[in-house]
K.L.:
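Would you mind keeping the following structure in view while I ask a few things?
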Amino acid sequence: MTEFEDGGDRAGQVLEVAEAIMLETRSVSLTLNDIADRIGVSRSLLYVYYDGVPAILDAIFQVHLGRLEEHLPLQGDDGEAFERRAIGANLAYFHYLVEAGPVLQLILRERNQDSPLGQESRKRFMRLARSLATQTCHALALEPREAFVLIELNGAIPEALARLVRSGEIDQETAAQTCERLIAASLQSFALRPTH
């Protein structure tokens with residue numbers, strides 16, 4: 001049990017505890033009682049900070065998406081090739097996952113009516129996904145649906161490797177090098193396709 005810090009960032013502490021429970025259970029199926037019990041306060045006190053579990057999950061998502069966005073090399077202002085940016089984006093995602101765990105994945109796997117995300121969070125995530133897909137479409141002469149599939153498939157590479165690093169099955173440097181090689185091979189296979 002954690003003490004609720006007086007005068008501290010109580011709203012932030014609620015998020016930290018909720019995130020810890022999510023990572024332990026590998027699920028977003030948590031309750032205000034779970035969080036309140038862990039902190040050592042009444043459930044009703046949590047309503048001072050958040051309207052409920054969906055609001056807590058939405059706030060966690062916003063924090064983590066911001067952390068990830070800070071490291072994604074999305075624009076090639078310096079003339080950098082798409083392949084380098086795409087590899088860099090997947091490596092950034094890998095390093096984020098090693099550091100933070102699968103928080104974004106856990107929240108994003110809740111689909112449609114079950115999604116805890118608010119409208120602004122959904123819009124923010126879709127802007128990021130569309131930006132990645134648009135760049136992928138242009139660089140590899142793909143249709144939008146193909147670009148989204150490629151991004152999702154390639155995203156599984158850093159996700160799997162980060163999971164192995166976090167479980168101690170592989171060291172981070174080897175996993176990062178593997179990630180870079182696999183993403184490069186994937187992109188090159190699409191780049192070598194004949195275009196219409």
Side-chain angles (χ1 to χ4, degrees), residues 1-72 74 89-129 131-132 151-152 155-173 175-176 179:
M1 196 178 307
T2 308
E3 287 188 35
F4 209 42
E5 297 174 11
D6 287 326
D9 177 15
R10 289 181 172 184
Q13 190 177 1
V14 170
L15 297 182
E16 287 174 18
V17 168
E19 184 178 321
I21 294 169
M22 283 173 49
L23 290 172
E24 288 168 15
T25 62
R26 312 274 299 162
S27 170
V28 295
S29 297
L30 56 133
T31 67
L32 287 178
N33 285 336
D34 296 333
I35 299 166
D37 289 347
R38 179 77 59 99
I39 294 173
V41 298
S42 71
R43 175 183 170 190
S44 61
L45 181 60
L46 298 181
Y47 282 108
V48 171
Y49 304 100
Y50 298 100
D51 291 340
V53 172
I56 292 169
L57 295 174
D58 187 63
I60 291 169
F61 181 83
Q62 288 278 349
V63 167
H64 279 270
L65 188 58
R67 285 172 59 188
L68 180 59
E69 287 173 331
E70 288 175 12
H71 301 288
L72 290 178
L74 296 178
N90 279 281
L91 284 172
Y93 184 43
F94 164 75
H95 290 297
Y96 156 79
L97 289 168
V98 169
E99 176 191 322
V103 175
L104 288 175
Q105 292 168 268
L106 292 171
I107 295 171
L108 285 172
R109 77 178 176 198
E110 299 297 318
R111 299 286 186 203
N112 301 323
Q113 71 270 17
D114 294 332
S115 175
L117 298 180
Q119 186 175 2
E120 184 54 39
S121 292
R122 285 192 298 268
K123 285 181 183 178
R124 185 175 168 196
F125 177 73
M126 286 310 298
R127 277 192 302 270
L128 175 62
S131 173
L132 292 169
I151 291 166
E152 193 164 342
I157 294 168
E159 290 167 1
L161 289 166
R163 191 170 40 255
L164 292 173
V165 170
R166 288 178 64 86
S167 68
E169 295 176 54
I170 188 172
D171 67 88
Q172 189 166 344
E173 184 179 336
C179 182

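The figures that follow rest on heavy atoms only: side chains count, while hydrogens, waters and symmetry mates do not.
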K.L.:
Ile21 versus Ser27: any side-chain heavy-atom pair under 4.5 Å?
P.N.:
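The answer is no, as the side chains (C-beta and beyond) never meet within the 4.5 Å cut-off.
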K.L.:
Any chance the side chains of Ser42 and Ser44 put a donor and an acceptor closer than 3.5 Å?
P.N.:
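Looking only at side-chain atoms, Ser44 and Ser42 do form a donor-acceptor pair, the distance falling under 3.5 Å.
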K.L.:
Applying salt bridge (charged side-chain N to carboxylate O under 4.0 Å, His left out), name anything that partners Arg127, two or more places apart in sequence or on another chain.
P.N.:
Glu120
K.L.:
Please list all pairs passing the side-chain hydrogen bond (donor to acceptor under 3.5 Å, both in side chains) test where one or both residues lie in residues 51-62, with sequence neighbours left out.
P.N.:
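side-chain hydrogen bond (donor to acceptor under 3.5 Å, both in side chains) check on residues 51-62 returns Asp58-Ser121, Gln62-Ser121, Gln62-Arg124.
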K.L.:
Indicate the atoms forming the closest heavy-atom contact of Ala162 with Leu97, along with that distance.
P.N.:
CB-CB, 3.5 Å
K.L.:
Roughly how far, to the nearest 0.5 Å, is CG of Leu68 from NE2 of His95?
P.N.:
12.5 Å
K.L.:
Do the non-hydrogen side-chain atoms of Val103 and Ile60 ever get within less than 4.5 Å of each other?
P.N.:
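Yes, close enough: below the 4.5 Å cut-off.
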K.L.:
Testing the basics here: between Tyr93 and Pro158, what is the closest heavy-atom pair and its distance to 0.1 Å?
P.N.:
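Heavy atoms of Tyr93 and Pro158 come nearest at CD2-CG, 3.6 Å.
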K.L.:
Applying side chain to side chain contact (heavy atoms under 4.5 Å, CB included), can you list everything that pairs with Ala160, at least two apart in sequence or on another chain?
P.N.:
Arg163
K.L.:
Suppose we screen for side-chain hydrogen bond (donor to acceptor under 3.5 Å, both in side chains). Which residues come up paired with Glu169, at least two apart in sequence or across chains?
P.N.:
Ser167
K.L.:
Roughly how far, to the nearest 0.5 Å, is CG of Leu117 from CZ of Phe61?
P.N.:
5.0 Å
K.L.:
How close do Leu23 and Pro102 get, counting heavy atoms only, and between which atoms?
P.N.:
CD2-CD, 3.5 Å
K.L.:
Would you compute the distance between atom CG of Asp9 and atom CG of Leu15 and round it to the nearest 0.5 angstrom?
P.N.:
8.0 Å
K.L.:
Per the salt bridge (charged side-chain N to carboxylate O under 4.0 Å, His left out) rule, what does the pair list look like for residues 39-48, sequence neighbours excluded?
P.N.:
none
K.L.:
Checking Gln119 now: which residues fulfil side chain to side chain contact (heavy atoms under 4.5 Å, CB included) with it, not counting sequence neighbours?
P.N.:
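Partners of Gln119 by the side chain to side chain contact (heavy atoms under 4.5 Å, CB included) criterion, ordered by chain and then number, come out as Arg122, Lys123.
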K.L.:
Answer whether the closest heavy-atom distance between the side chains of Leu30 and Leu57 falls below 4.5 Å.
P.N.:
yes
K.L.:
Kindly write out the residues that satisfy salt bridge (charged side-chain N to carboxylate O under 4.0 Å, His left out) with Glu24, not counting sequence neighbours, or none if the list is empty.
P.N.:
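Scan of Glu24 (salt bridge (charged side-chain N to carboxylate O under 4.0 Å, His left out), adjacent residues dropped) gives Arg38.
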K.L.:
Check side-chain hydrogen bond (donor to acceptor under 3.5 Å, both in side chains) between Asp171 and all other residues, then give those that pass, not counting sequence neighbours.
P.N.:
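Applying side-chain hydrogen bond (donor to acceptor under 3.5 Å, both in side chains) to Asp171 gives Thr174.
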K.L.:
What pairs with His64 under side-chain hydrogen bond (donor to acceptor under 3.5 Å, both in side chains), at least two apart in sequence or on another chain?
P.N.:
Glu19, Tyr96
K.L.:
List the residues meeting side chain to side chain contact (heavy atoms under 4.5 Å, CB included) with Ile151, not counting sequence neighbours, and say none if there are none.
P.N.:
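Leu132, Ala133, Thr136.
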K.L.:
If the condition is side chain to side chain contact (heavy atoms under 4.5 Å, CB included), which residues does Glu99 pass it with, not counting sequence neighbours?
P.N.:
Arg67
K.L.:
Under the rule for salt bridge (charged side-chain N to carboxylate O under 4.0 Å, His left out), what residues qualify as partners of Glu16, not counting sequence neighbours?
P.N.:
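Scan of Glu16 (salt bridge (charged side-chain N to carboxylate O under 4.0 Å, His left out), adjacent residues dropped) gives none.
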K.L.:
Distance check, rounded to the nearest 0.5 Å: Leu104 atom CG versus Phe125 atom CZ?
P.N.:
8.0 Å
K.L.:
Do Phe94 and Val165 touch side chain to side chain, with heavy atoms closer than 4.5 Å?
P.N.:
yes
